[in-house]
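Below is one structure, written out as structure tokens, with a few remarks after it.
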4 protein chains.
Amino acid sequence: MAARAGTAGKLKSTPAAPREGAKPVGADKRVAIMEAALDLFRANGYRHTAMEDIAQAANVAKGTLYLYFKSKDELFEALARLLAARVQEDLDAVAKRDLPLQAKVLAILDAKLGFFYRWILSSPHAAELLAPKANLPGDIFDPVDGSFRAMLSKALKEGVRAGEIDPKAAGLTLDAALETLLAAAYGAEHGGGSEAQFRERLARIVTLTLRGLRP
Amino acid sequence: MAARAGTAGKLKSTPAAPREGAKPVGADKRVAIMEAALDLFRANGYRHTAMEDIAQAANVAKGTLYLYFKSKDELFEALARLLAARVQEDLDAVAKRDLPLQAKVLAILDAKLGFFYRWILSSPHAAELLAPKANLPGDIFDPVDGSFRAMLSKALKEGVRAGEIDPKAAGLTLDAALETLLAAAYGAEHGGGSEAQFRERLARIVTLTLRGLRP
Amino acid sequence: MAARAGTAGKLKSTPAAPREGAKPVGADKRVAIMEAALDLFRANGYRHTAMEDIAQAANVAKGTLYLYFKSKDELFEALARLLAARVQEDLDAVAKRDLPLQAKVLAILDAKLGFFYRWILSSPHAAELLAPKANLPGDIFDPVDGSFRAMLSKALKEGVRAGEIDPKAAGLTLDAALETLLAAAYGAEHGGGSEAQFRERLARIVTLTLRGLRP
Amino acid sequence: MAARAGTAGKLKSTPAAPREGAKPVGADKRVAIMEAALDLFRANGYRHTAMEDIAQAANVAKGTLYLYFKSKDELFEALARLLAARVQEDLDAVAKRDLPLQAKVLAILDAKLGFFYRWILSSPHAAELLAPKANLPGDIFDPVDGSFRAMLSKALKEGVRAGEIDPKAAGLTLDAALETLLAAAYGAEHGGGSEAQFRERLARIVTLTLRGLRP
DNA sequence: TATGAATGAGTATTCATTCAT
DNA sequence: GATGAATGAATACTCATTCAT
């Protein structure tokens, strides 16, 4: 259901390299740095990852990092931007597929939460990695959040129209139902475990919640 | 339903202070330090709160902190231990009350999650505060988690016996239903807002999930 | 003629230490740091003097420097402030003495220029030391400059009144004569050499210039 | 009186470029670099001017700078050498002119000091620009200083011979008078202001000093 | 010649912790 | 117990210089 579970371990597929076409070397290095950074951030947390460490892991000199990223914060931001882009891609892919209500909702939620889970939340330093996120410019995640919510809303509306669910039966407006579903789904992040366990958890939450919304 | 909303601002009610009886000054100082620390951690986050700041807020010298707590981490751990104790108290209080299924489940969840929300999660630095938590010794929250789960399990079992819910109808074992309910409830933490909004969110999640478990 | 040529090598005589009376240790350390800093600044220039070097020379840890001075710049500023205070002291001393015109003018100029020469200008890095000076808050040197000029002006006026000099004979107003004398005196800084040579140069400039102002 | 005020803005008039005749491009580039460097040094100071900045201003790549100058210091030295050459030219021009004592002395001093004032001293970063100068090999300014002193000495001697001045009357040997005049003249640099103000100051110093040397 | 990507030594500053008083 | 002066390890960032192309 996750569009690109198979490529989850690599960043290269998104060629966000500078001066595209001229020197693939630069692109490779930029990617290498980002990969090293993501690995180390996940392994050691943000503050405990020294630029020096990232440089070594990426096999470049410390100063080279600053050729590609103005600062440690900007490196982190670039990472966030990449992840956001990937989530958006997955959401777009889901939008094109014709799925029954529950599968659609699950796919949407998995596109967003699953991706984060894979990259960030499964790290023991997830919390620290999300802390700087709070300071990131809103334009990184806001658009993704927007389409995410829009898709979810659309799916629920279709479910109502098809008579599959009826928020009023549970005393909720459609918006309230959306927010509740969303919040509950976020809870799937908790509990740790493998990605499969996460997805199982998410699926069950969706199942129960949609059942709770039945007419 | 919130057992002790009125005392939420004080830590003193838990007389876990050492050397009790000899020098109340010491106990007071320990408490003063913890209160100052909790305030500052919530306000500024863990790393951005310097020991110097805590000392000043508690009106003691920096060195004094180390008379009561071996390190900054240990101070944080003591805080966590205190919060855990408070959650346990609330859970015990809920256990004694006779409530219908949904109210009981909600009370149990609120005792645990609500407390954290009040103290930690409502802080803009929640993420950072939970990061060190990951490193805390398991014996702090494990017992609380244990009785928490036990109570929830018991409530659900009674619900099954009373015919109010039937996990099998949703294709789940009782344990799976418990985990799912729990995970979904955790999701209430997300979304920010006031404590009232948090509780509203939690209530809705419980409502939907229990509805989803109906026979 | 130089009020305190004998104490030129020590800063201690100005007890600008903090928390005076409580712990002379702190005062000593502050002075030790300033002495070390002045020595190193003179020897190696501002930028090439690392805080680490100053700390070692003062026999304290690097962090200790920051207990007494907020930053390298502030340390430099404190030094400047001290020097300015010392010049002011010397000027005040000269003001109390009753001297013939030429001696008076020379004493005034020596109080200001001589002091700088001793401390700063005789360093091979004089220029670099004066560069940051440009960024210092005006309130450090402005008052000193003010009384310096005022004293010089007063001395010249008395000379005019006594018929010893007559700026008009050289086609100058008294103010123009003052500025010219002052500028010429500054020239004594150039040429290097010992302090004695500097003073000899200054004396000759004063002699010639005052002769040039004779009626 | 300023020999070449009109050409003050350009360095090209001194064809000291290497590889002359083969590739004027090279010469042009060398000149372009020096012009860019002088501009930036004056505007931002020595240390705050990055080689990268110079390269950009000169429209060449950073590495190209090192084809023409071994190091940043050597670039600065080349600049100094050029300025020294220009002063020498001006001095030579003055030597050929037949002028009365005071005008001659002023012209000589202006040739040297005025030139520096125009290029260096009038910069807010003068102090910093003169700091590296201290480390410059003596052969750059020593010859200029030599002929400068020689010319001044010759002028004074003629003044003595003509009965216009008499150092002995002021208790000085001719050499001492020379040194004193020279030092006083240097003082004209201080006080900032426009070039006109500088020249006014210099003229007054010369006037007063020569008056002081009258029989 | 010319380029510009890559290098890495150099440095100010913070803050948890210690310990003499 | 209480203090707070002293410590020093840890770390992001700059920029002159090199060198493969």
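Proteins come first, then strands; the chains are lettered A, B, ... in the order of their sequence lines, and each starts at number 1.
Here Lys72(A) contributes atom NZ and Tyr66(A) contributes atom OH; the two are 8.5 Å apart, rounded to the nearest 0.5 Å. Taking CG of Leu75(A) as the start and CD1 of Ile54(A) as the end, the distance is 5.0 Å to the nearest 0.5 Å. Atom CD of Glu74(C) and atom CG of Leu65(C) lie 12.0 Å apart (nearest 0.5 Å). Taking CG from Leu67(D) and CD1 from Ile33(D), the interatomic distance works out to 8.0 Å, rounded to the nearest 0.5 Å.
Which of dA16(F), dT7(E), dT7(F) sits closest to the side chain of Val60(A) comes down to dT7(E). Taking only side-chain atoms of Lys62(D), from C-beta outward, the nucleotide of dA9(F), dT7(F), dG4(E) with the closest atom is dG4(E). Of the candidate nucleotides dA2(E), dT3(F), dT13(E), dA2(E) has the atom nearest to the side chain of Leu67(D).
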Full working for side-chain contact (heavy atoms from CB on, under 4.5 Å) between Phe69(A) and Glu77(A): CA-CA 10 Å; Phe69(A) 305 96; Glu77(A) 187 183 314; over 6 Å; no
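Rounded to an integer number of Å, the gap from Glu74(D) CD to dT17(F) C1' is 13 Å. Atom pair Met51(B):CE and dT3(F):P shows a separation of 14 Å (rounding to whole Å applied). When the C1' atom of dA5(E) is taken as reference, atom CD1 of Ile33(A) falls 11 Å away, rounded to whole Å. To the nearest angstrom, P of dT14(E) lies 11 Å from NE2 of His48(B). Separating the CG atom of Leu65(A) from the P atom of dT11(F) is a distance of 15 Å, rounded to the nearest angstrom. Note: OH (Tyr68(C)) to C1' (dA6(F)) measures 8 Å, nearest angstrom. When the P atom of dC15(E) is taken as reference, atom CG of Leu40(B) falls 13 Å away, rounded to whole Å. The CZ-C1' distance, from Arg30(B) to dA2(F), rounds to 17 Å in whole Å.
A residue-by-residue look at Thr49(A) and Lys70(D) shows that Thr49(A) has its nearest nucleotide of DNA chain F further toward the 5' end. Mapped onto DNA chain E by nearest heavy atom, Gly63(D) and Ala50(B) fall at different nucleotides, with Gly63(D) at the one closer to the 5' end. Taking the nucleotide of DNA chain E with the nearest heavy atom to each of Ala61(D) and Glu52(B), the more 5' of the two is matched to Ala61(D). Nearest-nucleotide mapping onto DNA chain F: of Thr64(C) and Asp73(A), the residue sitting toward the 5' end is Thr64(C).
Regarding contacts with the backbone of dT3(F), every side-chain N or O of Tyr66(B) stays at 4.0 angstrom or more from both OP1 and OP2.
Of all non-hydrogen atoms in Ala36(A) and Ala57(A), the two that sit nearest each other are CB-CB, 3.7 Å.
Below 30°, between 30° and 60°, or above 60°: for Phe76(B) and Tyr46(B) the angle between ring planes is above 60°, a perpendicular geometry.
Backbone-only engagement by Lys72(A) is indicated by non-hydrogen atom pairs under 4.0 Å involving sugar-phosphate atoms exclusively.
Axis angle across the helix from dA2(E)-dT21(F) to dT21(E)-dA2(F), with five pairs used at each end and values rounded to 10°: 10°.
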